[in-house]
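Both ligands and their constituent atoms are indexed starting at 1 by order of listing.
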Amino acid sequence: MTSKKVIELFYDVVSPYSWLAFEVMCRYRTVWNIDLKLRPAFLGGVMQGSGNKPPGLVPNKFLWMNHDLARLAVYFNVPLRPPSDPAEAMFRKGSLNAMRFIKAVQEKETGGDQQVEKVSRELWRRIWSEDKDITEPASLAEAAQKAGLGRSEIEELQKLCTTPEIKDKLKSSTQDALEYGAFGFPMMVCHINGKAKMFFGSDRFEVMAHCLGEKWLGPQPAHHERSSAKL
Ligand SMILES: N[C@@H](CCC(=O)N[C@@H](CS)C(=O)NCC(=O)O)C(=O)O
């Protein structure tokens, strides 16, 4: 087997399309010959740094996104449900505290990123499935608890996520994303033959698989294997 190709996935839990990409990449971790690196970052900083604006601010795009996300939830098998007040959840409340918390989880975790994966998923579930807050300390604690973290660990993370060290780490991964050319999320950076190839969106997996020399088996590869086995 040739050495694994590194894929960096830049995401923010405020972004529903990032949730789709995140679940797909986690599913393909064991299907493709890849080493997936989770790169939690701050979408607000990417928007500002690249001079972009959130697509939801254009009224017709906002309407389109509602239809699109409802279809994609089924297609990707991800329980996406927009919050009752998306503007409040995404723009007024935002995800800075949540992303700092995830960054703190990443800093404390050794030997893999299982906790980062689980905490990120629980935070997405709160904002993008259950219409729950992701800004208050109690909300972050509840998500971490659901992800399997213990009480003292959570208390330590809550202190850590307000430190200048964690704030700087989140800024620095956001800066890395901008240097790769980010203007939004999700962004995947595939390291192929010494070159970093950037892909934007949860709708580019087919092309990405082609560049990686892997097969795209749809958003649910395990499902694909089962249904082809029946033929
Ligand atoms: N076509 C992409 C859209 C992804 C998308 O709209 N991402 C938002 C955040 S949820 C973004 O950062 N958009 C920036 C832009 O579209 O310029 C997909 O299907 O994943």
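Residues passing the side-chain contact (heavy atoms from CB on, under 4.5 Å) test with A89, sequence neighbours excluded: P83, I127.
The pair E130-R126 does not meet the salt-bridge criterion, since no charged nitrogen lies less than 4.0 angstrom from a carboxylate oxygen. Checked for salt-bridge contact, R29 and E117 meet the test: a charged N lies under 4.0 Å from a carboxylate O.
Note on ring orientation: taking the six-membered ring where Trp is involved, the planes of F200 and F183 are tilted (angle from 30° to 60°). Below 30°, between 30° and 60°, or above 60°: for Y28 and W216 the angle between ring planes is below 30°, a parallel geometry.
Here the CH2-OH distance, from W128 to Y17, works out to 8.5 Å after rounding to the nearest 0.5 Å.
Within 4.0 Å of ligand 1, protein heavy atoms belong to S15, P16, Y17, L43, M47, N52, P55, F183, G184, F185, F200, G201, S202, D203, listed by chain and number.
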